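All values derive from a computational prediction rather than experimental measurement.
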Amino acid sequence: THVSLSLQKYYPPDFDPAKIPKLKLPKDRQYVVRLMAPFNMRCKTCGEYIYKGKKFNARKETVQNEVYLGLPIFRFYIKCTRCLAEITFKTDPENTDYTMEHGATRNFQAEKLLEEEEKRMQKEREEEELNNPMKVLENRTKDSKLEMEVLENLQELKELNQRQANVDFEAMLKQYKEYEEEQKRKEQE
(Lines give C-alpha, C1' and ligand atoms only; values in the text may rest on other atoms or scores of the structure.)
Protein backbone atom coordinates (compact mmCIF):
# COMPACT_ATOMS: atom_id res chain seq x y z
CA THR A 1 0.00 0.00 0.00
CA HIS A 2 1.36 3.34 -0.86
CA VAL A 3 0.53 6.65 0.73
CA SER A 4 0.45 9.66 -1.56
CA LEU A 5 1.66 12.86 0.05
CA SER A 6 0.30 16.05 -1.38
CA LEU A 7 3.13 18.55 -1.78
CA GLN A 8 1.14 20.91 -3.97
CA LYS A 9 0.52 24.46 -2.91
CA TYR A 10 -2.18 26.85 -4.01
CA TYR A 11 -1.01 30.07 -5.65
CA PRO A 12 -3.74 32.66 -6.10
CA PRO A 13 -4.07 34.17 -9.61
CA ASP A 14 -2.85 37.59 -8.44
CA PHE A 15 0.33 36.15 -6.81
CA ASP A 16 3.49 38.05 -7.73
CA PRO A 17 6.78 36.71 -6.26
CA ALA A 18 8.45 40.10 -6.88
CA LYS A 19 6.15 41.65 -4.23
CA ILE A 20 7.52 39.41 -1.45
CA PRO A 21 9.49 41.69 0.90
CA LYS A 22 13.23 40.94 0.92
CA LEU A 23 14.86 40.13 4.24
CA LYS A 24 17.42 42.88 4.82
CA LEU A 25 20.40 41.40 6.67
CA PRO A 26 23.32 43.54 7.82
CA LYS A 27 26.59 42.99 5.91
CA ASP A 28 28.57 42.32 9.10
CA ARG A 29 26.05 39.84 10.49
CA GLN A 30 27.58 37.30 12.87
CA TYR A 31 26.82 33.58 12.76
CA VAL A 32 27.55 31.01 15.44
CA VAL A 33 29.66 28.16 14.04
CA ARG A 34 31.37 25.13 15.54
CA LEU A 35 35.06 25.03 14.66
CA MET A 36 38.43 23.67 15.73
CA ALA A 37 41.40 25.84 16.70
CA PRO A 38 43.48 26.00 13.50
CA PHE A 39 46.83 26.28 15.32
CA ASN A 40 48.40 26.11 18.78
CA MET A 41 48.02 29.36 20.69
CA ARG A 42 48.50 30.78 24.15
CA CYS A 43 46.06 33.16 25.82
CA LYS A 44 47.61 36.56 26.58
CA THR A 45 45.38 37.09 29.61
CA CYS A 46 45.93 33.92 31.63
CA GLY A 47 48.66 32.04 29.72
CA GLU A 48 46.44 29.01 29.02
CA TYR A 49 47.58 26.87 26.08
CA ILE A 50 44.93 26.16 23.47
CA TYR A 51 45.94 23.29 21.24
CA LYS A 52 45.21 22.82 17.55
CA GLY A 53 42.03 20.79 17.12
CA LYS A 54 40.29 22.03 20.29
CA LYS A 55 36.61 22.54 19.48
CA PHE A 56 34.85 25.86 20.05
CA ASN A 57 31.52 27.50 19.42
CA ALA A 58 32.70 30.62 17.60
CA ARG A 59 31.12 33.74 16.17
CA LYS A 60 31.95 34.19 12.51
CA GLU A 61 31.72 37.40 10.50
CA THR A 62 32.87 38.60 7.09
CA VAL A 63 35.67 41.15 7.39
CA GLN A 64 34.54 44.39 5.74
CA ASN A 65 36.75 46.10 3.12
CA GLU A 66 39.11 43.13 2.94
CA VAL A 67 39.19 40.63 0.08
CA TYR A 68 41.91 38.55 -1.54
CA LEU A 69 41.43 37.92 -5.28
CA GLY A 70 37.68 38.20 -4.80
CA LEU A 71 37.63 35.82 -1.82
CA PRO A 72 36.01 37.16 1.35
CA ILE A 73 38.04 37.03 4.55
CA PHE A 74 36.31 35.72 7.67
CA ARG A 75 36.98 36.62 11.29
CA PHE A 76 36.33 34.21 14.16
CA TYR A 77 35.77 35.08 17.81
CA ILE A 78 36.42 32.35 20.40
CA LYS A 79 36.70 32.44 24.19
CA CYS A 80 39.67 31.17 26.21
CA THR A 81 38.80 27.88 27.93
CA ARG A 82 40.12 29.12 31.29
CA CYS A 83 39.53 32.87 31.67
CA LEU A 84 36.88 33.40 28.95
CA ALA A 85 38.91 36.22 27.39
CA GLU A 86 38.01 36.87 23.75
CA ILE A 87 40.47 35.65 21.11
CA THR A 88 40.12 36.55 17.44
CA PHE A 89 41.77 35.20 14.31
CA LYS A 90 40.95 35.50 10.62
CA THR A 91 41.42 33.54 7.42
CA ASP A 92 44.50 34.22 5.30
CA PRO A 93 43.77 32.86 1.80
CA GLU A 94 47.02 34.33 0.44
CA ASN A 95 49.09 31.89 2.50
CA THR A 96 46.30 29.27 2.85
CA ASP A 97 46.46 29.77 6.60
CA TYR A 98 44.96 31.76 9.47
CA THR A 99 46.37 34.89 11.10
CA MET A 100 46.18 35.64 14.80
CA GLU A 101 44.53 39.00 15.49
CA HIS A 102 44.36 39.55 19.23
CA GLY A 103 43.85 37.91 22.60
CA ALA A 104 46.51 35.23 22.11
CA THR A 105 49.91 34.51 20.62
CA ARG A 106 50.55 31.80 18.06
CA ASN A 107 53.03 29.06 19.00
CA PHE A 108 55.64 27.22 16.94
CA GLN A 109 56.01 29.85 14.23
CA ALA A 110 59.80 29.59 13.96
CA GLU A 111 59.68 27.27 10.95
CA LYS A 112 57.26 29.55 9.09
CA LEU A 113 59.39 32.63 9.83
CA LEU A 114 62.51 30.82 8.58
CA GLU A 115 60.74 29.89 5.33
CA GLU A 116 59.58 33.48 4.82
CA GLU A 117 63.12 34.80 5.44
CA GLU A 118 64.53 32.31 2.92
CA LYS A 119 61.94 33.35 0.31
CA ARG A 120 62.71 37.03 0.93
CA MET A 121 66.47 36.47 0.51
CA GLN A 122 65.90 34.49 -2.70
CA LYS A 123 63.69 37.28 -4.05
CA GLU A 124 66.30 39.94 -3.17
CA ARG A 125 68.99 37.92 -4.93
CA GLU A 126 66.86 37.51 -8.06
CA GLU A 127 66.10 41.25 -8.15
CA GLU A 128 69.82 42.06 -7.74
CA GLU A 129 70.76 39.67 -10.53
CA LEU A 130 68.16 41.15 -12.89
CA ASN A 131 69.81 44.57 -12.90
CA ASN A 132 73.45 43.54 -12.50
CA PRO A 133 75.07 40.87 -14.70
CA MET A 134 78.28 41.05 -12.61
CA LYS A 135 76.27 40.08 -9.53
CA VAL A 136 75.14 36.90 -11.34
CA LEU A 137 78.78 35.97 -11.90
CA GLU A 138 79.70 36.77 -8.28
CA ASN A 139 76.84 34.68 -6.92
CA ARG A 140 77.71 31.75 -9.19
CA THR A 141 81.34 31.90 -8.04
CA LYS A 142 80.22 31.99 -4.38
CA ASP A 143 77.89 29.04 -4.94
CA SER A 144 80.54 26.91 -6.66
CA LYS A 145 83.08 27.78 -3.92
CA LEU A 146 80.56 26.70 -1.26
CA GLU A 147 79.84 23.50 -3.16
CA MET A 148 83.57 22.72 -3.40
CA GLU A 149 83.98 23.26 0.36
CA VAL A 150 81.07 20.96 1.11
CA LEU A 151 82.51 18.27 -1.19
CA GLU A 152 85.96 18.59 0.44
CA ASN A 153 84.43 18.23 3.92
CA LEU A 154 82.46 15.22 2.75
CA GLN A 155 85.61 13.62 1.30
CA GLU A 156 87.49 14.23 4.58
CA LEU A 157 84.68 12.57 6.53
CA LYS A 158 84.65 9.58 4.18
CA GLU A 159 88.44 9.15 4.56
CA LEU A 160 88.13 9.39 8.34
CA ASN A 161 85.42 6.73 8.35
CA GLN A 162 87.50 4.43 6.15
CA ARG A 163 90.53 4.80 8.43
CA GLN A 164 88.37 3.84 11.38
CA ALA A 165 86.67 1.04 9.44
CA ASN A 166 89.92 -0.75 8.50
CA VAL A 167 89.42 -3.28 11.29
CA ASP A 168 90.71 -6.81 10.68
CA PHE A 169 87.82 -9.00 11.80
CA GLU A 170 89.71 -12.24 11.02
CA ALA A 171 92.51 -11.29 13.41
CA MET A 172 89.95 -10.34 16.07
CA LEU A 173 88.15 -13.69 15.75
CA LYS A 174 91.48 -15.57 15.90
CA GLN A 175 92.50 -13.64 19.02
CA TYR A 176 89.11 -14.38 20.65
CA LYS A 177 89.42 -18.13 19.86
CA GLU A 178 92.89 -18.19 21.40
CA TYR A 179 91.53 -16.42 24.50
CA GLU A 180 88.66 -18.96 24.77
CA GLU A 181 91.07 -21.89 24.45
CA GLU A 182 93.30 -20.33 27.14
CA GLN A 183 90.26 -20.02 29.43
CA LYS A 184 89.29 -23.68 28.82
CA ARG A 185 92.82 -24.82 29.56
CA LYS A 186 92.87 -22.85 32.80
CA GLU A 187 89.52 -24.41 33.82
CA GLN A 188 90.81 -27.93 33.12
CA GLU A 189 93.96 -27.29 35.15
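For Q183, the CD atom sits in a packed shell: over 12 heavy atoms of surrounding residues, nucleotides or ligands are nearer than 6.0 Å. Applying the 6.0 Å contact sphere to CZ of R125 captures more than 12 heavy atoms from other residues, nucleotides or ligands. Under a cut-off of 6.0 angstrom, the local environment of OH in Y179 is sparse, with at most 12 non-hydrogen atoms contributed by other residues, nucleotides or ligands. Residue N65 places its CG atom among 12 or fewer non-hydrogen atoms of other residues, nucleotides or ligands, all under 6.0 Å distant. Within 6.0 Å of atom CD in Q175, 12 or fewer heavy atoms from other residues, nucleotides or ligands are found, so the atom counts as exposed in its surroundings.
Between the CG atom in L151 and the NZ atom in K158 there is a gap of 9.0 Å [rounded to 0.5 Å]. Here CD of E66 is found 9.0 Å from OG1 of T91. Values are rounded to the nearest 0.5 Å. Summarising the geometry, atom CZ belonging to R82 is positioned 4.5 Å from atom SG belonging to C46; distances are rounded to the nearest 0.5 Å. Atoms OG1 and CZ, on T62 and R75 in that order, are 10.0 Å from each other to the nearest 0.5 Å. The line from CD of E129 to CD of E138 is 10.0 Å long, rounded to the nearest 0.5 Å. Between R42 atom CZ and C80 atom SG the span is 11.0 Å, to the nearest 0.5 Å.
In this structure, S144 contributes its side chain and T141 its backbone to a donor-acceptor pair below 3.5 Å. Side-chain atoms of N95 do not come within 3.5 Å of backbone N or O of D97 as any donor-acceptor pair.
Y31 and E61 share no donor-acceptor pair across their side chains, judged by distance under 3.5 Å alone.
Contact between R29 and L25 at its shortest, heavy atoms only, is NH1-CD1, 3.6 Å.
Between F15 and Y11, the ring planes lie tilted relative to each other; the angle falls in the 30° to 60° range.
When side chains are defined from C-beta on, P93 counts as touching I73, because their heavy atoms get closer than 4.5 Å. Looking at heavy atoms from C-beta onward, R34 lies in side-chain contact with K55 at the 4.5 angstrom threshold. Within the 4.5 Å cutoff, the side chain of R106 has no heavy atoms near those of the N40 side chain. The shortest side-chain heavy-atom distance between Q30 and Y77 falls under the 4.5 Å cut-off.
Only one option out of K123, E124, E116 pairs with R120 in a side-chain contact (heavy atoms from CB on, under 4.5 Å); it is E124. When K119, E118, E126 are each tested for a side-chain contact (heavy atoms from CB on, under 4.5 Å) with Q122, only one passes: E126.
We find that K184 and E181 are not joined by a salt bridge, their nearest charged nitrogen and carboxylate oxygen being 4.0 Å or further apart.
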Next on the checklist: For R59 and E86: C-alpha separation, side-chain torsions, deciding distance, then whether salt bridge (Lys or Arg N to Asp or Glu O under 4.0 Å) applies.
Outcome noted: CA-CA 11 Å; R59 296 195 328 274; E86 195 166 67; 3.2 Å; yes
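In the hydrophobic clustering, where aliphatic and aromatic side chains (Ile, Leu, Val, Met, Phe, Trp, Tyr) are joined below 4.5 Å either directly or transitively, I87 groups with V33, L35, F39, M41, I50, F56, F74, F76, I78, F89, Y98, M100.
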